[in-house]
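Read through the structure below, which is laid out as structure tokens, and then see the notes.
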Amino acid sequence: MNFSLFHLLFLLSLLITHLSFSRVLADSHFEGFDAEDDETIEEEILDHHSIRSPPVTKSDSHPLTDLETQTEPDPNPVPASDTPSQSDLQKPSATSFEYWDEDEFEGLPVEQPPPEPAKDTENATPNDPDPKTTAKSQDVTVSKKSFTVEIVCGSFLIVFVINYFTGKRENENLALAWAAKFATKGSIFEKNFSLLGVGEGEDSPLLLKEGQTVFKFYASGRRYCQGLLATMELKSRHDLISRLFNLVVPCKDEITFEVYMNDEAMDQVIFAVAKKKAAKGMQKEVRDLQRFAGLVPNPSGRKWVVDELSVISESKEVAGDLITEAVLEQVFGDKAYEKYGKNFISMHFSDQHPGMHRKMLVFKFALPDANNMADMTRLVALVPYYIDLIGRYKLSSQARSKTETARVKAAQEAYKELQNARQEALQRKKAEKKKMLEEAEAKLSAEAVRKREAKERARQMKKGMPKMKMTRAH
Amino acid sequence: MSHNNNSTSANDPRQPSAAKPYVPQPVSPEDLPVDYSGFIAVVFGIAGVMFRYKLSSWLAIIFCAQSLANMKNVENDLKQISMAMMFAIMGLVTNYFGPARPGTRS
């Protein structure tokens, strides 16, 4: 990694120096070209002047050289030295250019000053429009070059960086507000679990931060369950692009409680409650709900959950047992749901949970604002209530027979699938081995081939023997 | 709910003996969500270098910044992000300090 970075940096610096060199070279080429152009133009002008008034030639050349030096800021001795050599054009030798350069260059500043100001004003006026127009054209090109892309992107980056820090802090404050309400001393989780937090010992930190939007809270040490893991998934407030995206596509802060139940504590229960649309989706997608359970229609003759919610269960009986009076009164009933149930998303109890741990209770709630954490109290109270309820619940014999048969079937199917998978893997290995042997054979010479064939015959003879043995064992 | 707890169990539901310390679940690298912004940053960066398009290089820098902000695992993600950043910066350098693009003056 370090070597590759260094390599990249080295290449980058090479690139930059190469580019800067090429630019310098290009400029110098332009210089030479311009100088040559000016040379030819000057020659013509000077010839013209020389025809009109011979004594003026030298003085004429001076303001022109001044203008030349003004327009070409690079201190290049070539153009300045050209004019005195041109004044000596009566001497036609082109090769004498270089020989005369330095001498003439030395003499220039002494002779020029007096005629300069006089001829400057005369020749300045006709030549003024030239620099003006050239300056104007330069100004125009400069003003055409706008910096909108740079300004827009730079400001976006600055706002992005500012938003990163403010969003990060907002998320942290929200997580800490939740922990302060439900996980600190005297709170509901402290009363229910003996071990709180993700570290070891007394001072363990309560929350574990995984990235800027995911916070985890762990609690353990309670009857009926091995532990509880609460995962808060917050909006991406730190990322400006996600924030803008969430203005269009709404998103919620969520908290998911996963309770790992003990094997002996949980009976064969598969049960879920969610909002109507979500419940349909869950019933079709989640494996254990799909296989074992179905949507339970609202039973008549007893109080039930609000119309907005629907229940998924293996049997009506189990559903009725789990939706108790207390729960209806507190959270899911008609009156209570209006006030306290708005943040409820879903709840799913299963002893055949797809994933690592089999017997799990999963609760999903929406997180309110940092200031309104108390709105969630009743929902959070559902968690220990249901741990106790499920921990004590025993199925009736009828319900158990139904669930038992379904699970046995499922277990058999799973076993068959495993067997098939193992057989396929074995067959694949055999095919690969055959291929290897064939390739090796093709490479070897004829003698080796004969040897191989003999070996294979012996192997097949041996194979013939154990086959019989295996069938006997069966 | 609290009175329910009291009525069903007069004693403490806590069992300190049953407490298990937290074991973070290992996540295999394939399960990780795809880093879209990093990928887009690389695409824009290459486009900016090849076609000498200034806006493309700037967009590459912006998406690199987003990818950096969303980076969860420092060791794994840094390689791709640094590659994207190299492309974007190279694009900007060639755009601003390189020879002029034909047809426009830089």
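Computed from heavy atoms alone, side chains included, the values below leave out hydrogens, waters and symmetry copies. Note that the structure is predicted; figures quoted are calculated from it, not measured. Chain naming here is simple, since letters A, B, ... match the order of the sequence lines and numbering starts at 1 in each.
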TODO: With sequence neighbours left out, write down each residue that passes side chain to side chain contact (heavy atoms under 4.5 Å, CB included) with Ala41(B), or none if nothing qualifies.
DONE: Phe63(B), Cys64(B), Ala84(B)
Task: Set of ring-ring contact (aromatic ring centres under 6.0 Å, His included) partners for Tyr340(A), sequence neighbours left out - done: none
Task: Residue, of Leu59(B), Asn70(B), Ile61(B), that accumulates the most heavy atom pairs under 4.5 Å with chain A - done: Asn70(B)
Open item on the list: Taking Lys235(A)'s backbone N and O only, do any of them form a donor-acceptor pair with Asn171(A)'s side chain (distance below 3.5 Å, no angle check)?
Closed with: yes
Open item on the list: With side chain to side chain donor-acceptor pair (under 3.5 Å) as the rule and sequence neighbours excluded, what pairs involving residues 353-362 of chain A come up?
Closed with: none
TODO: Report yes or no: do Tyr224(A) and Asp388(A) form a side-chain donor-acceptor pair below 3.5 Å?
DONE: no
Task: Segment of Thr377(A) engaging chain B (4.5 angstrom heavy-atom cut-off) - done: neither
Open item on the list: Is Phe193(A) close to chain B through its backbone or its side chain, or both, or neither, when contacts mean heavy atoms under 4.5 Å?
Closed with: backbone
- [ ] Give the member of Val149(A), Ile387(A), Ile241(A) that has the highest number of heavy-atom pairs under 4.5 Å with chain B.
- [x] Ile241(A)
Task: Test applied, side-chain contact (heavy atoms from CB on, under 4.5 Å); reference residue, Lys216(A); option that passes from Thr231(A), Leu207(A), Leu206(A) - done: Thr231(A)
Task: Val214(A), part contacting chain B, at a heavy-atom distance under 4.5 Å - done: side chain
TODO: Give the ring-plane orientation class for Phe332(A) versus Phe344(A), where under 30° counts as parallel, over 60° as perpendicular and anything between as tilted.
DONE: perpendicular
- [ ] Check each atom of Ile188(A) against the heavy atoms of chain B and say whether the ones under 4.5 Å are side chain, backbone, both or neither.
- [x] neither
Open item on the list: Checking Ser220(A) against Tyr22(B): is there a side-chain donor and acceptor pair closer than 3.5 Å?
Closed with: no
Open item on the list: I'd like to know whether the aromatic ring centres of Phe217(A) and Phe182(A) sit less than 6.0 Å apart in this structure.
Closed with: no
Task: Contact listing (chain A partner; residues 42-50 of chain B; heavy atom under 4.5 Å) - done: none
